[in-house]
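Here the structure is laid out as structure tokens; the discussion comes afterwards.
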Amino acid sequence: TFETTVTGLFFEEIPDLDDDFAKDAGAESLDALRDKIAGEIGADLKKKREAEIERNIIDVLLQRNTFAVPPSMIESFAQERARNLIQFWRMQGLPEARAIEFLQQNWQGINQQAEMEVKRHLALEALALQERIEVTDDELSEAIVERIKEQGESAGKLYERPDMREALLADLTSKKT
């Protein structure tokens, strides 16, 4: 047997789902909050559907147009992916040695994924050139302003770097393609 002493009783109080709650959440009314949430969910689903359609189109494009990818590009992409994964896992509390071990066990899959990503990038780049799809300076500036709104002023400093501007330009071109 054992003995215990209760020193306090705690419980979580759930607020009423009403207009006051909605106002605390930044909406004018409960109906407005519901509409806002429904709109956000709808926009998220639309983005996911569009991304899936884009992936399917690119997969068909790659199936119909086979080409070899320079091993150095695959290796570079795989190394970058590995660095990002290790950083992510370390932020999650996984020891670096365990993260590296996991990468080594899954290196073949990472390389295959890297090859597909490089092929997608090269195919979209070639298609953009063929179709003369370009991102204007205004579109690039708008995208940077949007990222600053989403991520804060520190993002503005990032996009002062030429490599970050080039990466964003490539991403925008890919999306336009």
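Positions are given from 1 along the sequence.
- By the salt bridge (charged side-chain N to carboxylate O under 4.0 Å, His left out) test, Lys157 pairs with no residue at all, sequence neighbours left out.
- Considering only heavy atoms from C-beta on, Glu142 stays 4.5 Å or farther from Leu172 through its side chain.
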**OP:** May I have the step-by-step check of salt bridge (Lys or Arg N to Asp or Glu O under 4.0 Å) for Lys175 and Asp171, ending in yes or no?
**Re:** CA-CA 6 Å; Lys175 287 179 180 171; Asp171 184 52; 3.3 Å; yes

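- Looking at heavy atoms from C-beta onward, Gln92 lies in side-chain contact with Phe88 at the 4.5 angstrom threshold.
- Contact annotation: the side chain of Glu40 never approaches that of Asp44 to less than 4.5 Å [non-hydrogen atoms, C-beta and beyond].
- Here the shortest heavy-atom pairing between Arg161 and Asp163 reads NH2-OD2, 2.7 Å.
- For Phe102, the ring-ring contact (aromatic ring centres under 6.0 Å, His included) test picks out Trp89, with sequence neighbours left out.
- Across every non-hydrogen atom of Arg147 and Tyr159, the tightest pair is CD-OH, 3.3 Å.
- Put simply, CD1 on Ile144 and CG on Leu168 are 5.5 Å apart, with the number rounded to the nearest 0.5 Å.
- Contact of the Glu80 side chain with the Arg83 side chain is registered, since non-hydrogen atoms from C-beta on lie closer than 4.5 Å.
- Taking the charged nitrogens against the carboxylate oxygens, Glu117 and Arg81 have no contact shorter than 4.0 Å, which rules out a salt bridge.
- Side-chain atoms of Leu140 and Arg165, non-hydrogen and from C-beta on, do get closer than 4.5 Å to each other.
- Under the 4.0 Å criterion applied to side-chain N and carboxylate O atoms, Arg49 and Glu52 are not assigned as salt-bridge partners.
- Heavy-atom contacts from other residues, nucleotides or ligands closer than 6.0 Å to CD of Gln108 number 12 or fewer.
- Counting heavy atoms of neighbouring residues, nucleotides and ligands inside a 6.0 Å radius, atom CD of Glu150 exceeds 12 of them.
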**OP:** Begin with the C-alpha distance, continue with both residues' side-chain angles, and end with the deciding distance and a verdict on side chain to side chain contact (heavy atoms under 4.5 Å, CB included) for Asp31 and Arg34.
**Re:** CA-CA 5 Å; Asp31 287 337; Arg34 283 186 174 132; 4.0 Å; yes

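- Looking at Asp19, its side chain never comes within 3.5 Å of a backbone N or O of Ser29 through a donor-acceptor pair.
- The environment of Ile14 atom CD1 is sparse: at most 12 non-hydrogen atoms of other residues, nucleotides or ligands sit within 6.0 angstrom.
- Partner of Lys119 under the side chain to side chain contact (heavy atoms under 4.5 Å, CB included) criterion, chosen from Leu62, Leu61, Ile58: Leu62.
- Both Ile41 and Leu17 are members of a single hydrophobic cluster when ILVMFWY side chains are connected at heavy-atom separations under 4.5 Å.
- Taken to the nearest 0.5 Å, the CD1 atom of Ile110 stands 9.5 Å off from the CD atom of Gln79.
- Taking every heavy atom of both residues into account, Glu134 and Lys176 meet most closely at O-NZ, 2.6 Å.
- Between Arg98 and Glu101, at least one side-chain N (NZ, or NE/NH1/NH2) sits under 4.0 Å from a carboxylate O, which counts as a salt bridge.
- Interatomic distance, Lys23 NZ to Leu33 CG, rounded to the nearest 0.5 Å: 12.5 Å.
- Using a 4.5 Å heavy-atom threshold, the side chains of Leu122 and Glu125 count as touching.
- In this structure, Leu85 CG and Ile100 CD1 are separated by 12.0 Å, a value rounded to the nearest 0.5 Å.
- Looking at residues two or more places apart in sequence or on another chain, you find no side chain to side chain contact (heavy atoms under 4.5 Å, CB included) involving Ser141.
- The environment of CD in Glu28 is sparse: at most 12 heavy-atom neighbours from other residues, nucleotides or ligands sit within 6.0 Å.
- For Asn56, the CG atom counts as densely surrounded, since its 6.0 Å shell holds more than 12 non-hydrogen atoms of other residues, nucleotides or ligands.
- Here CZ of Arg120 is found 10.5 Å from OG of Ser174. Values are rounded to the nearest 0.5 Å.
- Panel note: side chain Thr173, backbone Leu169; a donor-acceptor pair is recorded below 3.5 Å.
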